[in-house]
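A short worksheet on the structure shown next.
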There are 2 protein chains.
Amino acid sequence: MSGDPTIYDIAARAGVGIATVSRVLNAHPRVKVETRDAVLKACADLGFRPNRAARRLAAGGPNRPRVAALAPLFATAFAYGVTRPLAAGLAAAGIDLVLYDIPDRETKQRTLDRLLGERACEGLVLCSMGIGPERAAQFAAARIPVVAVDHPCDGLPAATIDNRAAMRLAVEVLRERGARRIAHLAGGDALAYRERRAGFVAAAGAAAPVVPAETPTREGGAAACGILLDAHPDIDAIACASDAIAVGALEECRRRGLAAPDRIQIMGFDDQPFMDVIGLSTVRQPVAGFGAWAAQAVAALCADPGAAVTPVLLPVSVVERQTTRTPAAPSRRRGR
Amino acid sequence: MSGDPTIYDIAARAGVGIATVSRVLNAHPRVKVETRDAVLKACADLGFRPNRAARRLAAGGPNRPRVAALAPLFATAFAYGVTRPLAAGLAAAGIDLVLYDIPDRETKQRTLDRLLGERACEGLVLCSMGIGPERAAQFAAARIPVVAVDHPCDGLPAATIDNRAAMRLAVEVLRERGARRIAHLAGGDALAYRERRAGFVAAAGAAAPVVPAETPTREGGAAACGILLDAHPDIDAIACASDAIAVGALEECRRRGLAAPDRIQIMGFDDQPFMDVIGLSTVRQPVAGFGAWAAQAVAALCADPGAAVTPVLLPVSVVERQTTRTPAAPSRRRGR
DNA sequence: GCGCGCTATGGAAGCGCTTCCATGAGCGGC
DNA sequence: GCCGCTCATGGAAGCGCTTCCATAGCGCGC
């Protein structure tokens with residue numbers, strides 16, 4: 001009786017057989033009320049908690065394959081677009097999807113540990129996050145295929161966008177719309193943000209101002225925009241690392257009386273819901289494409305661990321709205 | 001060998017013992033390469049898929065309690081606010097959270113069936129959805145506590161808001177801001193939408209126009225708003241059943257050249273992210289309160305099935321922004 | 001050439017539960 | 001008052017896997 005109590009402990013304490021305990025726990029008829037109460041009391045006394053694994057094993061039932069998806073589900077609306085097609089694709093392949101919200105690094109590690117330790121899944125989708133080589137090796141050893149989305153990861157098949165090129169495109173569009181002094185509001189240390197920053201520097205030159213936002217949020221964007229404008233009042237366009245940052249910047253500009261797009265143009269990144277209402281021009285991410293690719297890739301790998309899954313680079317496009325100037329030509333979108 | 005293959009089948013086919021099969025599957029060292037390959041080949045040939053439950057049972061390890069949360073995770077940003085505090089509260093109680101996205105009725109039933117059949121959780125949180133009495137009985141029989149949030153459900157402890165009163169409050173605020181002819185853009189058949197509609201009718205009178213949106217989305221809102229304005233051009237305020245509907249209505253009004261709030265006032269419901277940027281006045285839901293309550297309630301019930309959990313009615317407040325007129329008094333918010 | 005230690009492997013004992021089957025007790029009808 | 005029933009219950013056999021322990025084979029040193 002060291003460790004958690006089992007039905008044997010309950011049976012002993014209630015003075016009945018284990019079969020009876022099982023009947024009580026499963027709400028079978030044909031158990032005398034007093035027996036039932038005695039068992040229930042014993043359960044309560046001992047703090048009994050049936051073992052899920054044992055129940056499932058004994059009860060039989062199908063052993064459906066399961067894939068876990070880790071993502072910062074509620075940090076932005078990014079998961080909106082990714083998760084739906086992922087769930088749909090996996091359901092079509094007869095695979096269950098379990099979602100884990102990963103707000104921070106520590107949660108990520110804990111979740112991965114648990115997934116590995118409990119052998120809780122047959123496949124893994126990593127959204128907007130990477131794992132180290134040791135982790136990858138652990139999953140390989142456990143024969144659990146892993147695919148990544150929105151974040152490349154050494155040795156893992158991944159669907160990504162070319163963040164550098166995307167940011168270069170953003171700068172190009174701003175230039176074509178008449179911008180002369182373009183600045184960048186960068187995100188944090190995450191790979192995607194670093195790449196966007198590198199893309200900006202490549203396109204706008206090392207001399208162009210770059211201010212990192214404390215956090216990739218509206219507040220962070222507003223604060224960074226304030227710093228930027230104080231230091232470089234002549235800026236006439238800002239390419240931002242995310243929509244949230246861009247909205248913060250837009251608010252800060254409005255606060256200072258700088259009209260967009262006439263006095264200053266602003267470009268976001270992501271194209272989250274409602275950005276069209278806000279009128280933010282932005283770089284649109286292929287979120288649904290990420291989800292669909294991940295579903296297909298992980299399903300293939302689950303079915304056959306040796307399957308060849310090709311990494312893909314999904315296209316982005318610039319959606320021009322009210323925070324950039326109207327193009328001379330009639331086209332409203334630029335793809336790449 | 002009827003049914004799924006087991007390690008015995010693999011062992012037989014590869015001409016080895018089951019212990020060796022297990023070693024291969026768990027990447028133990030000390031297995032000759034050729035033996036390993038033979039086992040792997042047998043696995044591939046037979047389409048072997050280890051049984052998760054058996055692995056966990058045999059491997060031992062902790063049997064952490066687990067709560068499942070069902071919600072339309074990605075329909076709106078509602079889950080943003082609910083899930084975070086829910087996850088945090090459960091983590092503090094040592095309980096794992098598993099999220100299930102429920103886009104439609106069928107998925108709900110399928111998920112509940114599976115949860116019940118696989119005894120996959122020790123507790124359930126229902127977000128924005130109800131279950132029938134038979135379902136509730138099934139969970140009661142399985143001794144799985146269920147709590148509801150944002151949607152009352154017979155016999156289940158729930159955290160809700162008073163949708164009727166909330167909508168009445170919205171109408172009152174609009175009136176105080178000078179509205180004379182107030183209309184309602186209703187949502188669908190969901191209980192919350194029906195109650196909001198009833199609250200509107202109670203406050204505005206049976207003669208006040210009500211147009212149901214085909215879907216509680218921007219598109220649905222815009223279309224319904226068009227119908228409303230065609231039929232009642234003299235409307236000077238719209239109380240909407242959701243923010244999405246309100247944004248659609250706002251867009252439609254702009255399209256028709258009706259300025260908000262001067263010509264027409266618009267009130268949303270929810271206070272989703274970015275509504276402040278859009279400037280939408282709206283009824284704010286206590287989303288974080290829902291999550292926190294659910295965590296505490298279900299944790300208490302898991303620990304002690306007999307625990308007394310009191311249903312709560314959480315307060316809502318009206319957040320006045322740019323789609324309603326500036327109040328004469330300096331206060332910007334009204335609570336209830 | 002024999003024994004030792006090491007490696008690769010098989011056998012078997014559970015993990016905690018569900019459930020089939022058997023047992024015993026109580027009970028109405030003849 | 002005995003027989004055949006039904007009802008409540010206990011015993012034991014797995015569910016498919018991991019892992020401890022034992023065993024067989026083998027190369028090496030003396």
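Sequence lines set the chain letters: A, B, ... in the order given, protein chains first and strands last, and positions in each chain run from 1. Computed over heavy atoms, backbone and side chain alike; hydrogens, waters and symmetry mates excluded.
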Expressed as a whole number of angstroms, how long is the span from [X]:[atom1] to [N]:[atom2]?
X      : N      : atom1 : atom2 : value
A:R52  : D:dC17 : CZ    : P     : 19 Å
A:L46  : C:dG16 : CG    : C1'   : 15 Å
B:I10  : D:dT18 : CD1   : P     : 12 Å
A:L25  : C:dT18 : CG    : C1'   : 11 Å
A:R143 : D:dT18 : CZ    : C1'   : 17 Å
A:Y8   : D:dA13 : OH    : C1'   : 10 Å
A:R36  : D:dC7  : CZ    : P     : 17 Å
A:K32  : D:dT6  : NZ    : P     : 19 Å

If the sugar-phosphate is the primed atoms plus P, OP1 and OP2 and the base is the rest, what is the B/S/- string for nucleotides 19-24 of chain D, using protein heavy atoms under 4.0 Å?
-> BB----

Does one side chain, of B:N26 or A:R143, offer a donor that lies under 3.5 Å from an acceptor on the other?
->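 Per modelled atom types, B:N26 and A:R143 side chains form no pair under 3.5 Å.
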
Counting any heavy atom closer than 4.0 Å, what does B:G15 reach on the DNA or RNA strands: base, sugar-phosphate only, or nothing?
->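 Sugar-phosphate contact only.
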
Using a heavy-atom cut-off of under 4.0 Å over every strand shown, decide if A:V21 touches base, sugar-phosphate, or nothing.
->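 Here A:V21 touches no strand at all.
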
Test B:C43 against B:L25 for side-chain contact (heavy atoms from CB on, under 4.5 Å), laying out the working first.
-> CA-CA 10 Å; B:C43 287; B:L25 294 177; 4.2 Å; yes

Between C:dG16 and A:R55, is there an OP1 or OP2 to side-chain N/O distance shorter than 4.0 Å?
->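 A:R55 to C:dG16 OP1/OP2: no side-chain N or O under 4.0 Å.
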
Please report, to 0.1 Å, the donor-acceptor pairs under 3.5 Å made by any side chain of residues 87-99 of chain B, with sequence neighbours excluded.
unit_1, atom_1, unit_2, atom_2, d
B:D96, OD1, A:R114, NH1, 2.6
B:D96, OD1, B:R64, NE, 3.0
B:D96, OD1, B:R64, NH2, 2.9
B:D96, OD2, B:R64, NE, 3.1

How would you list, by chain and number, every residue that makes a side-chain contact (heavy atoms from CB on, under 4.5 Å) with A:P133, sequence neighbours excluded?
->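 For A:P133, no residue satisfies side-chain contact (heavy atoms from CB on, under 4.5 Å) once neighbours in sequence are set aside.
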
Please identify each residue that fulfils side-chain contact (heavy atoms from CB on, under 4.5 Å) with B:V287, with sequence neighbours left out.
->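 With neighbours one apart ignored, the set is B:F78, B:V82, B:Q285.
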
Looking at residues at least two apart in the chain, or sitting in another chain, which of them share a side-chain hydrogen bond (donor to acceptor under 3.5 Å, both in side chains) with [X]?
X      : answer
B:E118 : none
A:E134 : none
A:N51  : none

Could A:D101 and A:K108 be called an ion pair, given the rule that one side-chain N must be under 4.0 Å from one carboxylate O?
->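 No.
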
Hey, can you pull the donor-acceptor pairs under 3.5 Å for the side chains in residues 292-303 of chain A, sequence neighbours left out?
unit_1, atom_1, unit_2, atom_2, d
A:W293, NE1, A:T310, O, 3.3

Could you pick out which residue, B:V31 or A:N51, lies toward the 5' side of DNA chain C when each is mapped onto its nearest nucleotide?
->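 First, find each residue's nearest nucleotide; the 5'-ward one identifies B:V31.
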
Once you build an axis from the first five pairs and another from the last five of the helix from C:dG1-D:dC30 to C:dC30-D:dG1, how far apart in angle are they, to 10 degrees?
->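 Helix axis angle between the two ends: 50°.
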
Pairs where residues 46-61 of chain B contributes a residue and the test salt bridge (Lys or Arg N to Asp or Glu O under 4.0 Å) is met, not counting sequence neighbours =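 Of all non-adjacent pairs touching residues 46-61 of chain B, those that pass salt bridge (Lys or Arg N to Asp or Glu O under 4.0 Å) are A:E122-B:R52.
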
Which pairs count as salt bridge (Lys or Arg N to Asp or Glu O under 4.0 Å) when at least one residue sits in residues 17-43 of chain B, sequence neighbours excluded?
->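 As it turns out, the salt bridge (Lys or Arg N to Asp or Glu O under 4.0 Å) pairs with a partner in residues 17-43 of chain B, which skip direct neighbours, are B:K41-B:D45.
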
Looking at C:dC17, D:dG16, D:dT9, which one has an atom nearest to any side-chain atom of A:P50?
->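 Given the options C:dC17, D:dG16, D:dT9, the side chain of A:P50 is closest to C:dC17.
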
A:L57 has a side chain; which of D:dG16, C:dT9, D:dA8 sits nearest to it?
->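 For the A:L57 side chain, the nearest candidate turns out to be D:dG16.
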
Find every protein N or O atom lying less than 3.5 Å from an N or O atom of nucleotides 22-26 of chain C, and list the pairs.
none

